[in-house]
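Just so you know, residue 1 is the first one in the sequence shown, and it goes up from there. Quick note: numbers below take in every heavy atom, side chains included, and nothing from hydrogens, waters or symmetry partners.
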Amino acid sequence: MTTPSAPPASYYERHIFFCLNQRASGEDSCANHKAQEGFDRCKAQVKAAGLAGPGKVRVNKAGCLDRCAAGPVAVVYPEAVWYSYVDAQDIDEIVESHLKNGKVVERLRIPAHLGR
């Protein structure tokens, strides 16, 4: 009889959440800064690189992450690294460097003091 192997420490090696929040009040929000485009780009790049799926990377939409002053924002777990990005090249760099190779993209990190 075969004994089952131990489950992985985490279902995904890395999990990236993109704030796609749109504030109804008209306040600035990530949705005003092409957050959906960043999410779509990341999801496509992760899939194209063969990084998607259990034991690998998951790309998720999120509501407000409350870091609006740095928007648009994304956060990668389990490292809890917060990023801001402006274009497709920034997303590509996050995918290649952090999601694929585990190396944080320092130039895109959000300073700890930036919140709402």
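Atoms CD and SG, from Q36 and C19 in turn, are 11.5 Å apart once rounded to the nearest 0.5 Å. Rounded to the nearest 0.5 angstrom, N21 CG and E27 CD are separated by 10.0 Å. To the nearest 0.5 Å, atom SG of residue C42 and atom CD1 of residue I16 are 4.5 Å apart. Atoms NZ and CD, on K103 and E93 in that order, are 8.5 Å from each other to the nearest 0.5 Å.
Proximity of V73 to C30: side-chain heavy atoms (C-beta onward) are separated by under 4.5 Å at one or more points. Contact of the F18 side chain with the P72 side chain is not registered, since no non-hydrogen atoms from C-beta on lie closer than 4.5 Å. In this structure the side chain of L108 reaches within 4.5 angstrom of the side chain of I94, judged on heavy atoms. In this structure the side chain of R14 never reaches within 4.5 angstrom of the side chain of Y77, judged on heavy atoms. Residues R23 and C64 are in side-chain contact: their nearest non-hydrogen atoms beyond the backbone lie under 4.5 Å apart. The side-chain heavy atoms of D87 and E37, taken from C-beta on, include no pair separated by under 4.5 Å. Side chains of R67 and I110 form a contact here, defined as non-hydrogen atoms less than 4.5 Å apart.
Side-chain N or O atoms of S97 include none that pairs as donor or acceptor with a backbone N or O of V105 at under 3.5 Å. Not one N or O on the side chain of N32 forms a donor-acceptor pair closer than 3.5 Å with the backbone of Q22. Side chain of D90 to main chain of V86: a donor-acceptor pair is present (N/O by atom type, distance under 3.5 Å, no hydrogens or angles).
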For residues 47-58, please give each side-chain donor-acceptor pair under 3.5 Å, one per line with the distance, not counting sequence neighbours.
residue: K56; atom: NZ; partner: G50; partner atom: O; Å: 3.4
residue: R58; atom: NE; partner: N60; partner atom: OD1; Å: 3.0

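Applying the ring-ring contact (aromatic ring centres under 6.0 Å, His included) definition to pairs two or more places apart or across chains, those involving residues 92-116 are Y83-H98.
A cation-pi arrangement, defined by a distance under 6.0 Å to the six-membered ring centre and an angle within 45 degrees of its axis, is absent between R109 and W82.
Residues A70 and S84 come closest through the heavy atom pair O-OG, 2.6 Å. In this structure, Y85 and A35 approach most closely via the heavy-atom pair OH-CA, 3.4 Å.
V76 and L65 fall into different hydrophobic clusters, where Ile, Leu, Val, Met, Phe, Trp and Tyr residues are linked whenever their side-chain heavy atoms come under 4.5 Å apart, directly or through other members. Residue V46 is grouped with residue V104 when hydrophobic side chains (ILVMFWY) are merged at heavy-atom distances under 4.5 angstrom, including chains of intermediate members.
Between Y12 and H15, the angle of the ring planes goes over 60°, which puts this pair in the perpendicular group of the 30/60° scheme.
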**Report entry** Derivation and outcome, side-chain contact (heavy atoms from CB on, under 4.5 Å), residues R41 and D92
**Finding:** CA-CA 8 Å; R41 175 73 180 202; D92 293 352; 2.6 Å; yes
